[in-house]
Amino acid sequence: MLTHLPILQVIVPLLAAPLCLMLDGSRFVWAFALLASLLAGVISGLLLWQVETGGTLSYALGGWQAPIGIEYRIDLLSAYLLLIVSAMGTLVLLGAYRSVNKELAAGARTYFYVAYLLCLAGLLGIVAAGDAFNVFVFLEISSLGSYILISLGRDRRALWAAFQYLVVGTIGATFILIGVGFLYAMTGTLNMMDLAQRIPSVSESTTVLVAFTFLVVGVCLKLAMFPLHVWLPNAYAFAPSIATAFLAASATKVAVYLLFRFSFGVFGVALTESILPLQEVFIGLGLAGVFVASLVAISQHNIKRMLAYSSVAQIGYMIIGYGLDSQAGTTAALLHLFNHALMKAALFMALAAVVYHHGSVLLKDLAGLGTTMPWTAAALVGGGLSLIGVPLTVGFISKWYLVQAALEQDLWWLALLIVVGSLLAIVYVWRMIEPMYFAPASSDRPRSVGNTPEAPRSLLLVIWILVAANLYFGIDTRLPVGIAEAAAQQIFGVRF
Amino acid sequence: MILDLYNYWIVVVLMMVGLFIIVSRGNLVKKVIGLNIFQTSVFVFYISLGKVEDGSAPILSDSVSVYSNPLPHVLILTAIVVGVATTALGLALVIRIKEAYGTVEEDDIQTLDDQQ
């Protein structure tokens, strides 16, 4: 049983998704989906433990050995990502029941859970697969799942946002397909380890350069790197709150993983030594993302949209870490990936609680939230502080590592700009906090049912688990830092 | 010489036609069609890769010694399924957009959204 964990990781949610359709009643469907994702979470925990004790796992699908057969390969980086994605998927789903019932029509609830599980299975598959074409297939499974999740939003603009994402996402995935095709033409293999061995002998050819370009642009479309981010703000703003929390915590993270996997694991490129000035390009785009997206975030009135722009900015930090092209930079990016998943999951779940009572999350809906929904408001403050990067929160840890990585290469101006970028975060987080504590609750608002204006307990539980994780991993950093450092070392071990 | 690689020229032309339709047309159904043409160009690209000169169809036979590579064909079979699923979902979204907005023109949808 334990030897089959790599495939079970993907199969469990993938099979559970259609089974949901056979169940009746949204409570059962939710419980079943939760069970499946919990199982996936346990499996990823076991996988991480196996990888840490026994080294990289290789699983031959159907007993056909790689490179002929399809290989699932779990190294430390994959195991780390699997744990992040499945843990976030489970936590978000744990708090989902009441919010989904409130936001979605009765007929759509089952499909929500089906799409959720499909998306989860696709994301886990991308990370587990050691085969470039499998990555494409799982990418499309997860993307189709996320288009459905977004389109289920209550506002009609959700449909339009989902359609726009579908067009952009399909172009991105097809670019990846083209890149894989060029690689296959040059090397005759699809297995990532094989590719990594064969590419150096043909690395001078333009074809490989073109393949790299297509893959990177395709992945960057998926991870919403500035200026390829235009699909993201509307998709996050109008999707059901639970879907936003899940996608923000997992989907872009997996795309960042792909960027690292392809460029360092498969191509083994040193960005600094290539023909194009890639290091400058990525650091430049990362910085532009941080500043432009933060400035746009400041002017938003819809909090979900504001945090969506903030996501684009935070992805900018990860791109800077990638662009630094060093072990320290990679460590910082991987750390930020984990930490950003924690803070955005906490914040978007807290917003789900606000939507639960007010139906929307415009700035005016937050007025007086500090007295009407004290626990939710406090959670928003906690997540916001983490987003800024205040010491004792996870946000501080990853920025600290990123600044150190910049200083390691004597890029003083870059370190300075990273800090200035965080100052911009203070502005938009403050815009969110101010009405909660310093504006009176408007009296004409319909009070929520009964005497409990606070969010449902199940939702509150999840929000506070996530906020507590934000604080805990900000103080006791051993787990994420240890894994991120070891994973970065493993990536660069392949390269040099 | 250049025409020897005519299949790749077809790929490039189809790809550009597809992308151009996606970017330039405001009608959502046309956008889905453009997306389809774009994807199809990549299918042709893969299938061209698998063709071995003078190779026959990859079916085992005593009279044939050179076969075309069947792997790209199989990959594209999968990619076609993915493409069909994407098209179906895209068209389903277009129907829902038509119901919600009463139009499938990008400009009209933007105008309606701006009014909100």
Side-chain angles (χ1 to χ4, degrees), chain A residues 67-68 70 108 111 115 118 122 131-134 136-141 143-148 150-171 173-186 188-190 207 214 218 234 237-238 302, chain B residues 8 11 15 18-19 21-23 25 28-29 31-32 34-50 69 71-72 74-76 78-79 81-104 106 108-110 112-114 116:
Chain A
I68 304 291
I70 293 167
Y111 298 115
L118 276 181
D131 176 284
F133 191 79
N134 256 272
F136 162 75
V137 175
F138 280 121
L139 188 78
E140 282 294 55
I141 292 177
S143 302
L144 288 168
S146 56
Y147 307 145
I148 299 172
I150 292 163
S151 71
L152 288 174
R154 215 186 321 177
D155 197 306
R156 67 178 178 182
R157 280 173 287 183
L159 294 168
W160 179 225
F163 186 82
Q164 283 176 311
Y165 182 23
L166 182 134
V167 171
V168 175
T170 306
I171 294 176
T174 310
F175 268 34
I176 293 174
L177 188 61
I178 298 171
V180 172
F182 277 125
L183 281 186
Y184 182 69
M186 286 310 288
T189 180
L190 291 166
T207 315
F214 269 112
N234 277 338
F238 300 119
N302 183 328
Chain B
Y8 293 106
V11 170
M15 197 180 281
L19 275 178
I21 296 176
I22 298 172
V23 175
R25 297 296 127 169
L28 301 191
V29 178
K31 271 188 199 287
V32 174
L35 212 53
N36 253 304
I37 296 175
F38 176 55
Q39 286 179 314
T40 308
S41 75
V42 182
F43 302 162
V44 177
F45 167 62
Y46 264 73
I47 294 166
S48 297
L49 285 181
N69 184 352
L71 185 68
V74 182
L75 296 180
I76 282 319
T78 315
V81 175
V82 170
V84 169
T86 314
T87 310
L89 184 59
L91 290 175
L93 281 174
V94 173
I95 293 175
R96 293 284 310 278
I97 287 173
K98 170 78 177 167
E99 283 169 3
Y101 285 89
T103 174
V104 290
E106 189 180 8
D108 298 342
I109 295 171
Q110 291 291 6
L112 285 168
D113 273 353
D114 292 341
Q116 278 188 334

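All figures in this text were calculated on a predicted structure; none of them were measured in a lab. Each chain gets a letter, A, B and so on, in the order the sequences are listed, and its residues count up from 1.
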To check you understand the geometry: which heavy-atom pair defines the closest contact between B/Ala79 and A/Phe136, and what is its length? CB-CE2, 4.2 Å

Roughly how far apart are B/Leu89 CG and A/Tyr147 OH, rounded to 0.5 Å? 8.0 Å

Identify the heavy atoms of A/Leu144 and B/Ala85 that sit nearest to each other, and give their distance. CD1-CB, 3.8 Å

Got a sec, which pairs hit salt bridge (charged side-chain N to carboxylate O under 4.0 Å, His left out) with one end in residues 92-104 of chain B, sequence neighbours left out? none

In terms of heavy-atom pairs under 4.5 Å with chain A, the winner among B/Gly90, B/Gly34, B/Gly18 is B/Gly90

Kindly indicate whether the side chain of A/Ile171, heavy atoms from C-beta on, has any atom under 4.5 Å from the side chain of B/Leu35. yes

Suppose we screen for side chain to side chain contact (heavy atoms under 4.5 Å, CB included). Which residues come up paired with A/Arg156, at least two apart in sequence or across chains? B/Ala100, B/Tyr101, B/Leu112, B/Gln116

Taking the side chain as every heavy atom from C-beta outward, state whether B/Tyr46 and A/Leu177 have any pair of such atoms under 4.5 Å apart. yes

Indicate the atoms forming the closest heavy-atom contact of B/Leu49 with A/Ala185, along with that distance. CD2-CB, 3.5 Å

Can you tell if the side chain of A/Val180 reaches within under 4.5 Å of the side chain of B/Leu75, non-hydrogen atoms only? no

Quick one: closest heavy-atom pair of A/Phe163 and B/Ile97, and the distance? CB-CD1, 3.9 Å

Interatomic distance, CG@B/Leu28 vs CH2@A/Trp160, rounded to 0.5 Å, equals 5.0 Å

4.5 Å side-chain heavy-atom contact, B/Phe38 and A/Thr170: no

Distance-minimising heavy-atom pair for A/Tyr184 and B/Leu71: OH-CD2, 3.3 Å

For the interface with chain A, which of B/Thr78, B/Val82, B/Leu19, B/Asp113 has the highest count of heavy-atom pairs at distances below 4.5 Å? B/Asp113

Is it the side chain or the backbone of A/Asn234 that comes within 4.5 Å of chain B heavy atoms, both, or neither? neither

